[in-house]
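Predicted, not measured: the structure shown is a model, and the values here were computed from it.
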Amino acid sequence: MAAGPPEIAELARRQVLQRVNQARHEQGLAPLRRDPLLERVGEVFCQKLLAEGSSGHFAADGVPPYLRYLLAGGTGFHRQNVGSYQTTGSLDPQDLPSLALQLTEAMLAEQPPQDGHRRTLLEPTATSLGVGLAYSRQRLVLVHEVATQLAQVEPPPRVCQPRQRWVFQGKLEPPWQAAAVEVLWEPLPIPGSHQGVASYGYPARRAWFSRVEYLPASRVSVAGAFTVQPGGRFSFPTAAGPHPGVELVLLWARKPGDWAVYPVALSGCVVVDQPAPAELREWLKLVPGEVP
């Protein structure tokens, strides 16, 4: 098992990014930039799928794609494609770039309504891409880790105690305007519960808060008061729920003249009343310099 000879794997990543951006250009969309964090998360996930002989969006640890990214330090709205190639013969490492492109081409060629992979790569608001891959003698696993990163978000606690207070805050890139925050919740991941799952979604909504423009400083700390300040800064003081689980906060924004809103940033924490489970600590270790 390997990520491929360094120079071959690097060529595969570059060619996939180039092909995706060509497809986006043909649709009049901005190119995606290469993102090292997305790439690192994707590489580790591919290696896990390969080692476990599994497929889909979940490895044996049961951790969903968006949570892997959040725990590793991500702050964008995350999406993921997964593909694999298997042979009864022997896989030549020199073929990795062409096989990675074949898997990507197949996703870009999808037709509605069965075109989820294509829509992920051609999402108009997406900004970043990380290509992860790993291979063995008979199998290649490829992922596209895609994110919409339109805000500078201050790092959340990522792991917190029940009812612990924290603040989702940062600065949104112009010309985007903050519109609302959405709080989502789901139980802690259960190892082995989602292996082979071909599709997934974000957790159910727990609450929705619309913006309050230029709230006086004396009320900025009020829990549930989503405030937007001049220059694109936003703040949402909140508190973790009383029970263990995964609590996510999404920032929704719009462009001037467009009443549609889009998820553009992600924050949140894993709520536990004891040390985080080992399957979560593994992803926390991807944060440089942090000991979970």
Side-chain angles (χ1 to χ4, degrees), residues 30 35 37-38 64 66-67 69-79 123-128 146-186 201-272 284 287 290:
D35 185 285
L37 174 59
L38 289 168
Y66 47 81
L67 184 55
Y69 172 61
L70 174 69
L71 292 174
T75 59
F77 183 74
H78 179 271
R79 304 168 180 87
E123 163 59 42
T125 64
T127 62
S128 311
V146 181
T148 297
Q149 298 174 298
L150 295 172
Q152 300 174 18
V153 178
E154 296 189 15
R158 283 192 291 276
V159 176
C160 56
Q161 295 287 317
R163 302 186 188 280
Q164 179 178 330
R165 293 183 176 275
W166 59 284
V167 181
F168 175 38
Q169 59 187 341
K171 184 178 180 180
L172 188 61
E173 295 181 6
W176 288 88
Q177 300 173 348
V181 290
E182 181 181 19
V183 180
L184 313 177
W185 186 90
E186 67 180 348
Y202 274 73
R205 176 187 296 178
R206 200 182 84 176
W208 176 277
F209 299 88
S210 298
R211 61 189 263 172
V212 178
E213 196 122 29
Y214 313 146
L215 196 69
S218 61
R219 292 187 56 204
V220 165
S221 63
V222 176
F226 173 47
T227 63
V228 179
Q229 303 294 336
R233 291 204 61 82
F234 61 88
S235 178
F236 177 68
T238 186
H243 307 295
V246 177
E247 190 159 313
L248 304 176
V249 182
L250 300 181
L251 174 67
W252 290 76
R254 63 168 57 96
K255 283 186 175 181
D258 184 356
W259 285 103
V261 293
Y262 305 88
V264 300
L266 170 72
S267 191
C269 64
V270 173
V271 183
V272 290
L284 286 163
V287 180
E290 181 165 317

Do [X] and [Y] have side-chain heavy atoms sitting under 4.5 Å apart?
X: Leu251; Y: Leu150; value: no
X: Pro203; Y: Val246; value: no
X: Leu250; Y: Leu266; value: yes
X: Leu284; Y: Arg158; value: yes
X: Gln177; Y: Pro256; value: yes
X: Glu247; Y: Cys160; value: no

In Å and rounded to the nearest 0.5 Å, what is the [atom1] to [atom2] distance from [X] to [Y]?
X: His78; Y: Thr148; atom1: NE2; atom2: OG1; answer: 10.5 Å
X: Leu70; Y: Ser267; atom1: CG; atom2: OG; answer: 6.5 Å
X: Lys255; Y: Trp176; atom1: NZ; atom2: CH2; answer: 5.0 Å
X: Arg233; Y: Glu154; atom1: CZ; atom2: CD; answer: 5.5 Å
X: Phe234; Y: Gln169; atom1: CZ; atom2: CD; answer: 8.5 Å

Flag the pair Phe226 / Phe168 as yes when their ring centroid distance falls below 6.0 Å, and as no otherwise.
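No, the ring of Phe226 stays outside the 6.0 Å limit from the ring of Phe168, centre to centre.
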Within 6.0 angstrom of Arg205 CZ, more than 12 heavy atoms from elsewhere
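Counting other residues, nucleotides and ligands, CZ of Arg205 exceeds 12 neighbours.
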Please indicate whether Gln161 has more than 12 foreign heavy atoms, meaning atoms of other residues, nucleotides or ligands, lying under 6.0 Å from its CD.
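Atom CD in Gln161 is packed in, count exceeds 12.
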[X] versus [Y], closest heavy-atom pair with distance:
X: Val261; Y: Ala179; value: CG1-CB, 3.8 Å
X: Val287; Y: Gly73; value: CG2-N, 3.8 Å
X: Ala178; Y: Leu172; value: N-CD2, 3.3 Å
X: Lys171; Y: Gly231; value: CE-O, 3.0 Å
X: Ala147; Y: Leu38; value: CB-CD1, 3.9 Å
X: Ser235; Y: Val167; value: OG-CG1, 3.6 Å

Residues that Gln149 engages under side chain to side chain donor-acceptor pair (under 3.5 Å), provided they are two or more places apart:
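Side chain to side chain donor-acceptor pair (under 3.5 Å) check on Gln149 returns Tyr69, Ser128.
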Test Phe236 against every option in Trp208, Phe209, Trp166 by the ring pair (Phe, Tyr, Trp, His ring centres under 6.0 Å) rule and name the one that passes.
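In the set Trp208, Phe209, Trp166, the residue that makes a ring pair (Phe, Tyr, Trp, His ring centres under 6.0 Å) with Phe236 is Phe209.
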Once you measure the plane-to-plane angle for Tyr202 and Phe77, does it fall in the parallel (<30°), tilted (30-60°) or perpendicular (>60°) bin?
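Geometry flag for Phe77 against Tyr202: parallel rings.
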Trp252 backbone acceptor or donor facing Glu182 side chain under 3.5 Å
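Between the backbone of Trp252 and the side chain of Glu182 there is no qualifying donor-acceptor contact (under 3.5 Å).
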Results of side chain to side chain contact (heavy atoms under 4.5 Å, CB included) for Ala30 - residues two or more places apart only:
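If we apply the side chain to side chain contact (heavy atoms under 4.5 Å, CB included) test to Ala30, skipping adjacent residues, there are no hits.
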